[in-house]
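In what follows, every chain begins at residue 1, and chains take the letters A, B, ... in the order their sequences are listed.
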Amino acid sequence: MSDITVQLKNGDEKSFPAGLTLQEIAKAIHPKLGKEALVAKWNGNLTDLNYKPETDGKLEFITFEDPEGQEVYRHSSAHIMAQAVQKLFPGTVLAIGPAIDNGFYYDFDCEKTFTPEDLEAIEQEIKRIIKEDHPFERSELSREEALDFFRKIGEHYKVELIENLPEDAVISMYQQGDFVDLCAGPHVPSTGKIKAVKLMSLAGAYWRGDEKNKMLQRIYGTSFPKQKELEEYLFKLEEAKKRDHRKIGTQLNLYSIEEEGPGFPFFHPKGMILRNELEAYWREEHRRAGYLEIKTPIILNRSLWERSGHWDHYHENMYFTTIDDQEFAIKPMNCPGAMLVYKSQQHSYRDFPLRLAEMGLVHRHEKSGVLHGLMRVRAFTQDDAHLFMLPEQITAEIKNVINLVDRCYRLFGFQYHVELSTKPEKAMGSDEIWEQATDALAQAMKELGMEYRINEGDGAFYGPKLDFHLEDSLGRTWQCGTIQLDFQMPEKFDLTYIGEDGQRHRPVMIHRVVFGSIERFIGILTEHFAGAFPTWLAPVQVRLLPIADRHVEYCDSLKEKWEQEGIRVEVDDRNEKIGYKIRQGQLEKIPYLLVVGDKEVENKSVSVRKRREGDIGTMEASAFAEEIKSEISSRK
RNA sequence: GCCCACAUAGCUCAGUAGGUAGAGUGCCGCCUUGGUAAGGCGGAGGUCACCGGUUCAAUCCCGGUUGUGGGCUCCA
């Protein structure tokens, strides 16, 4: 047999005898590569390592270091888990089992509901299968053969999947041991490649993600090439849980949620400081950006909601009440109220763009299973605004809002990504109008050179939107800011302005929020800073720690003075040692702890201990006050 | 709403093979007045989420309700 020449990732060309598998080539290049390679990219296509190239080509080996390698590794892990489940629970029907970020899952249809003990047994079985080191073997077959095969073994979900594959799709199966699964692949060479596996959790999941379909049992797991990597990952998860805003919210006494009000958070004094500081910052930014502030009622007559379309399109999310035999709704959105404010006066094109902002408290009936601390609640305050403008002002206004959002997120050092959501099934308005609105949003992003993904069919019922997503401590993302273009409300409410020509015209409207909801934003902030808020936000900015009783008086006088100057100060005058007070202050993440003893009283100074740096020495009390005041006002 | 799990002191958690509960921490009091991450002693504090059932007896077993957690669906 003749040789083939392959071009490697680093550009080198090497010749190998034809008939070798990619696995053997990897091993020939370097024994370590032979061990670590999971799959290969042969001429740009992900390929199993037991493939035998017969021509020259480009070759790149993929290891666990590569995102694609992780995906294949976890996907193979999912197959092994499925094999284990079918071994232990014969008759279990398979649905889908993909790799996901940080792991994999597989959905099963099984008479018996799995218990945590079952997970342990499955994990043991997985280990056994790994030890037996079965090769993953690929085979391709025709549509008819595939349908026939999966029908015969009763895998009706697979049959449904095959039926939905495009006409020209290559249909392949993978087999390891006596287990066969419909799968495009590729896979690692054999089950022995998988080293450390852990099944993480059990959950229900609807077939094809549709709640009308049967609920299947989903098992989540993760896997790593080394036990140590698995342990590190689990440790990182534990650490992330310590940042959970629900935990920190309780520890720092920011807020609580009581059984009497599921999804209706109670803000405690310290949480209110966060809210109020955020709102003050928000008002400053919005005043500068040319916004006017309004406040509209929380309860409004049914007729308004019928007119806005909420009665038809949002009914199941709304709360209702009756006043004097008339039906009213508790507002789930602020827009209809803003419409009425707009309509209460005549407008000229000269007023545009007219930017009406509102910190609006809305109530939405969220399903009980979706509530999540402050991130997902049933009552929240949107930092809303409705912008009214001429059609030619649209792009500029959208860009203004994008820049405002960017500025506000940057202040906190947030990473975010943007999604463009398009027309949903349940929508008002024609396709043309939707297309026009969607293009305007895309255009603004393009002009600012910003990246975004498309989220098909996820727009609001009245218009498409740009959503800004932030991450929580576990990497779950939450929509915060959003910009929504709306050609519907102005129509429904017959909004007009007098144009240059003296005639009435229809304005264009944008809904937008920056924080999204104050509640969710505080949740995100808490996890981002792990409770160690920047000084301007910190509920307690300074705590004075007198060493002995005789120093309390001096501390009290500083506290009184500084409070007048707008600093949030406490004195820890408890009968405890200084180390004890410091420990508590540190655990409460107070930015500045000031130790005060005889020296400090005598010199009118304070000994400063900064949250992260620790003891930074003594300074004059007045000098410290000036420094912290400038730190606060600059919001550093 | 659906699936699985969980609910014990303000907080974090033990516990009872069914005989009405315990630690740490926090809180209060006393001693101690101490210089950069936990000083000592004492005390108060719980209808063991709620409602039923089984039982001589239920915090524990069974059923239901509510709430919470992890997912699914849905959403700021």
J.: Between the protein and nucleotides 26-30 of chain B, list every N/O to N/O distance that falls short of 3.5 Å.
T.:
| residue | atom | partner | partner atom | Å |
| --- | --- | --- | --- | --- |
| B:rG26 | OP1 | A:Tyr580 | OH | 2.6 |
| B:rC27 | OP1 | A:Arg574 | NH1 | 3.0 |

J.: For A:His315, which residues count as a side chain to side chain contact (heavy atoms under 4.5 Å, CB included) partner, sequence neighbours excluded?
T.: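 With sequence neighbours excluded, A:His315 shows a side chain to side chain contact (heavy atoms under 4.5 Å, CB included) to A:Trp311, A:Phe320, given in chain and number order.
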J.: Can you find an N or O donor on one side and an acceptor on the other, under 3.5 Å apart, linking the side chain of A:Tyr206 with the base of B:rG71?
T.: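 Counting by modelled atom types and ignoring angles, no donor-acceptor contact under 3.5 Å is found here.
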J.: Heavy atoms from C-beta onward define the side chain here; which of B:rC4, B:rC75, B:rA37 lies closest to that of A:Leu202?
T.: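 The answer is B:rC4.
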J.: Suppose you measure atom P in B:rA7 against the same atom in B:rU12; what distance do you get, rounded to whole Å?
T.: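 Approximately 13 Å lies between the P atom of B:rA7 and that of B:rU12.
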J.: Is B:rG35 paired to anything, Watson-Crick or G-U wobble with both distances less than 3.5 Å, and if yes, which nucleotide?
T.: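 Pairing partner: none.
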J.: Just the rounded figure in Å: distance from C1' of B:rC72 to CZ of A:Arg476.
T.: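 Distance, rounded to whole Å: 14 Å.
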J.: Across all strands, who's sitting opposite B:rG18 as a Watson-Crick or G-U wobble pair, both distances under 3.5 Å?
T.: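 B:rG18 is paired with nothing.
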J.: Do A:Gln484 and A:Tyr462 have a side chain donor and acceptor closer than 3.5 Å?
T.: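 A:Gln484 vs A:Tyr462: donor-acceptor pair found between side chains.
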J.: Side chain of A:Lys577, heavy atoms from C-beta onward: which of B:rG39, B:rC75, B:rC72 has the nearest atom to it?
T.: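 When the side chain of A:Lys577 is considered, B:rG39 is the closest of B:rG39, B:rC75, B:rC72.
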J.: Can A:Lys465 and A:Asp458 be counted as an ion pair, charged N to O under 4.0 angstrom?
T.: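 Salt bridge flag = no for A:Asp458 with A:Lys465.
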J.: Closest approach to the side chain of A:Arg609, judged atom by atom: which nucleotide of B:rC75, B:rU73, B:rA37 is it?
T.: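 Nearest nucleotide to the side chain: B:rA37.
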J.: Given that both distances must come in under 3.5 Å, which nucleotide forms a Watson-Crick or G-U wobble pair with B:rC11?
T.: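 Here B:rC11 is engaged in a pair, and the nucleotide opposite it is B:rG24.
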J.: Give a yes or no on whether a donor-acceptor pair under 3.5 Å exists between the nucleobase atoms of B:rG35, that is its base, and the side chain of A:Glu600.
T.: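 Indeed, a donor on one side and an acceptor on the other fall under 3.5 Å apart.
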J.: Is A:Lys242 paired with A:Glu239 through a side-chain N to carboxylate O contact shorter than 4.0 Å?
T.: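 Looking at A:Lys242 together with A:Glu239, the answer is yes, because their closest N to O distance falls below 4.0 Å.
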J.: Please determine if a side-chain N or O atom of A:Tyr314 lies less than 4.0 Å away from the OP1 or OP2 oxygen of B:rA76.
T.: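 No, no such contact exists.
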J.: Between A:Glu160 and A:Arg208 (salt bridge meaning N to carboxylate O under 4.0 Å), is one present in this structure?
T.: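 Between A:Arg208 and A:Glu160 there is a salt bridge, with a charged N closer than 4.0 Å to a carboxylate O.
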J.: Any donor-acceptor pair under 3.5 Å between the side chain of A:Arg376 and the base of B:rC74?
T.: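 Check passes, donor-acceptor contact within cut-off.
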J.: So which nucleotide does B:rC2 pair with, by the Watson-Crick or G-U wobble rule with both distances under 3.5 Å?
T.: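 The base-pairing partner of B:rC2, which may sit in any strand shown, is B:rG71.
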J.: Go through the structure and list residues passing salt bridge (charged side-chain N to carboxylate O under 4.0 Å, His left out) with A:Glu285, not counting sequence neighbours.
T.: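 A:Glu285 satisfies salt bridge (charged side-chain N to carboxylate O under 4.0 Å, His left out) with A:Arg288, A:Arg407 once adjacent residues are dropped.
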J.: What integer number of Å spans the C1' atoms of B:rU54 and B:rA44?
T.: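 37 Å, rounded to whole Å.
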J.: Inspect the contact between A:Asp615 and A:Arg609 and indicate whether a charged nitrogen and a carboxylate oxygen are less than 4.0 angstrom apart.
T.: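 Between A:Asp615 and A:Arg609 there is no salt bridge, as every charged N stays at least 4.0 Å from the carboxylate O atoms.
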